[in-house]
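For reference, the structure discussed in these notes is given below.
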Amino acid sequence: MREPAIDRLIGWFETSARDLPWRAPDRTGWGVLVSEIMLQQTPVARVLPIWQEWLERWPAPSALAAASQGEVLRAWGKLGYPRRALRLHAAAGVIAAEHGDVVPSDVDTLLALPGIGAYTARAVAAFAYGRRAPVVDTNVRRVVARAVHGAGDAGPPSTTRDLADVEAFLPADEPRAAKLSAALMELGALVCTARTPRCAVCPVHDDCAWQHAGRPEYTGPAKAVQKFAGTDRQVRGLLLDVLRGTEGPVEKARLDLVWSQSGQRDRCLDSLLVDGLVEQTSDGLFALPGEH
DNA sequence: TACGCGTGGCC
DNA sequence: TGGCCAAGCGT
């Protein structure tokens with residue numbers, strides 16, 4: 001990506017970026033981290049109200065760490081992938097105990113925390129602390145595939161290659177690099193979208209390799225769209241929903257109502273126990289962890 | 001590298 | 001209607 005295009009993209013971001021609370025001037029590393037975990041595979045609109053509740057209720061990592069896992073899972077609500085909530089809870093405990101209750105700014109330190117991978121570590125370093133780090137999510141992969149490589153969409157992900165792709169044009173200046181990282185994501189979210197990209201309003205239209213190539217269709221391997229209906233994921237979600245909606249421990253008969261196939265039902269309940277999302281009480285009832 | 005992991009809105 | 005999509009991670 002050429003320097004003028006980077007300039008225009010940053011300029012566009014400064015005038016057109018969404019006014020999200022985790023981007024406010026008074027944001028904290030903790031607020032940014034919570035947002036990044038919640039936003040993994042979950043749309044902004046659904047994250048917003050839950051993020052507000054969490055930051056009011058648990059304004060620092062130590063506050064979240066002091067809550068029970070069950071409380072955390074209830075507060076997570078229906079954001080999906082509730083294992084993220086347990087990992088964030090665990091990460092908060094490590095941050096409170098080993099990092100002075102301050103979210104680390106160093107990528108490698110962040111990577112060592114549970115639930116924080118290649119994307120989230122760099123997103124926190126860049127967005128909370130202004131560090132220079134290639135922040136590559138699905139939006140950035142798509143923008144780079146089009147604007148830089150002239151392809152219709154990104155191929156299968158490869159962390160090493162994806163990071164190198166962005167590193168290659170990331171400005172040396174730290175705050176500018178951080179701003180560009182945010183701008184690339186925002187462009188992918190608002191303009192260079194998966195379906196129906198809004199090329200007419202794109203700030204890098206004139207520099208886009210995909211435009212110059214005549215906007216060819218994506219030709220790579222078909223992306224596997226995962227099923228949901230009838231899968232263990234659906235059944236686990238139904239089981240957890242019963243426990244979230246109930247005050248105390250429940251009998252297994254209550255859980256049996258959510259799915260007719262007993263084999264799949266029991267397998268899913270077992271897997272929830274293994275994952276630590278459900279616990280069994282001494283008298284054989286089932287509950288969210290730490291709530292009995 | 002491929003897969004499993006929740007949930008809901010959109011066209 | 002139902003496939004597609006949404007700021008990934010861990011194994």
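Chain A is the first sequence line, chain B the second, and so forth, proteins listed ahead of strands; every chain is numbered from 1.
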>> Could you tell me how far apart A/K227 (NZ) and C/dC4 (C1') are, to the nearest whole angstrom?
In response: 11 Å

Enumerate, atom names and distances included, each donor-acceptor pair closer than 3.5 Å involving a side-chain atom of residues 270-277 of chain A, sequence neighbours excluded.
residue, atom, partner, partner atom, Å
A/S271, OG, A/R236, NH1, 2.7
A/S271, OG, A/C268, O, 2.8
A/D275, OD2, A/R236, NH1, 3.0
A/D275, OD2, A/R236, NH2, 2.8

> First and last nucleotide of DNA chain B in contact with chain A, 5' to 3', at under 4.0 Å to a heavy atom: what are they?
Replying inline: B/dG4 to B/dG8

> Heavy atoms under 4.0 Å, any strand shown: does A/P156 hit a base, just sugar-phosphate, or nothing?
Replying inline: nothing

> With A/R254, which residues qualify under side-chain hydrogen bond (donor to acceptor under 3.5 Å, both in side chains), at least two apart?
Replying inline: none

> Just one of A/H212, A/M1, A/R8 clears the side-chain contact (heavy atoms from CB on, under 4.5 Å) bar with A/D207, so which one?
Replying inline: A/R8

> Checking all strands, does A/A123 fall into the base, sugar-phosphate, or nothing category for heavy-atom contacts under 4.0 angstrom?
Replying inline: nothing

Can you name the atoms? Protein N/O to nucleotides 7-11 of chain C N/O, anything below 3.5 Å, with the distance.
residue, atom, partner, partner atom, Å
C/dA7, OP1, A/N139, OD1, 2.9
C/dA7, OP1, A/N139, ND2, 2.5
C/dA7, OP2, A/N139, OD1, 3.4
C/dA7, O5', A/N139, ND2, 2.9
C/dA7, O4', A/D137, OD2, 2.8
C/dA7, N7, A/E36, OE1, 3.4
C/dA7, N7, A/E36, OE2, 3.3
C/dA7, N6, A/W22, NE1, 3.0
C/dA7, N1, A/R18, NH2, 3.3
C/dG8, OP2, A/Q41, N, 3.0
C/dG8, OP2, A/Q41, NE2, 3.0
C/dC9, OP1, A/G117, N, 2.8
C/dC9, OP1, A/G117, O, 3.4
C/dC9, OP1, A/T120, N, 2.9
C/dC9, OP1, A/T120, OG1, 2.8
C/dC9, OP2, A/Y119, N, 3.3
C/dG10, OP1, A/G115, N, 2.6

>> Can you confirm if the aromatic rings of A/W76 and A/W54 lie within a centre distance of less than 6.0 Å?
In response: yes

>> Does either side chain, that of A/H149 or that of A/D165, offer a donor lying less than 3.5 Å from an acceptor on the other one?
In response: yes

>> Considering every strand and a 4.0 Å limit on heavy-atom distances, what is the contact class for A/R236: base, sugar-phosphate, or nothing?
In response: sugar-phosphate

> Looking for any heavy atom pair under 4.0 Å, which part of the strands does A/R244 touch: base, sugar-phosphate only, or nothing?
Replying inline: sugar-phosphate

> What's in the same ILVMFWY side-chain cluster as A/Y81, cut-off under 4.5 Å, chained through other members?
Replying inline: none

>> Applying side-chain contact (heavy atoms from CB on, under 4.5 Å) to A/L170 and A/L180, what does each step give before you reach the verdict?
In response: CA-CA 8 Å; A/L170 203 60; A/L180 175 63; 4.1 Å; yes

>> I want to confirm an ordering. Mapping A/S271 and A/T159 to their closest nucleotides on DNA chain B, which one lands closer to the 5' end?
In response: A/T159

> Given the P atoms of C/dA7 and B/dC5, what is the spacing between them in whole Å?
Replying inline: 22 Å

> Are A/D153 and A/R146 close enough for a salt bridge, meaning some N to O gap below 4.0 Å?
Replying inline: no

Enumerate donor-acceptor pairs with a distance under 3.5 Å from any side-chain N or O in residues 39-48 of chain A to protein atoms, sequence neighbours excluded.
residue, atom, partner, partner atom, Å
A/Q40, NE2, A/T120, OG1, 2.9
A/T42, OG1, A/L79, O, 3.1
A/T42, OG1, A/R84, NH1, 3.4
A/T42, OG1, A/R84, NH2, 2.9
A/R46, NH2, A/K78, O, 2.9
A/R46, NH2, A/L79, O, 3.3

> Given the P atoms of B/dG8 and C/dC9, what is the spacing between them in whole Å?
Replying inline: 23 Å

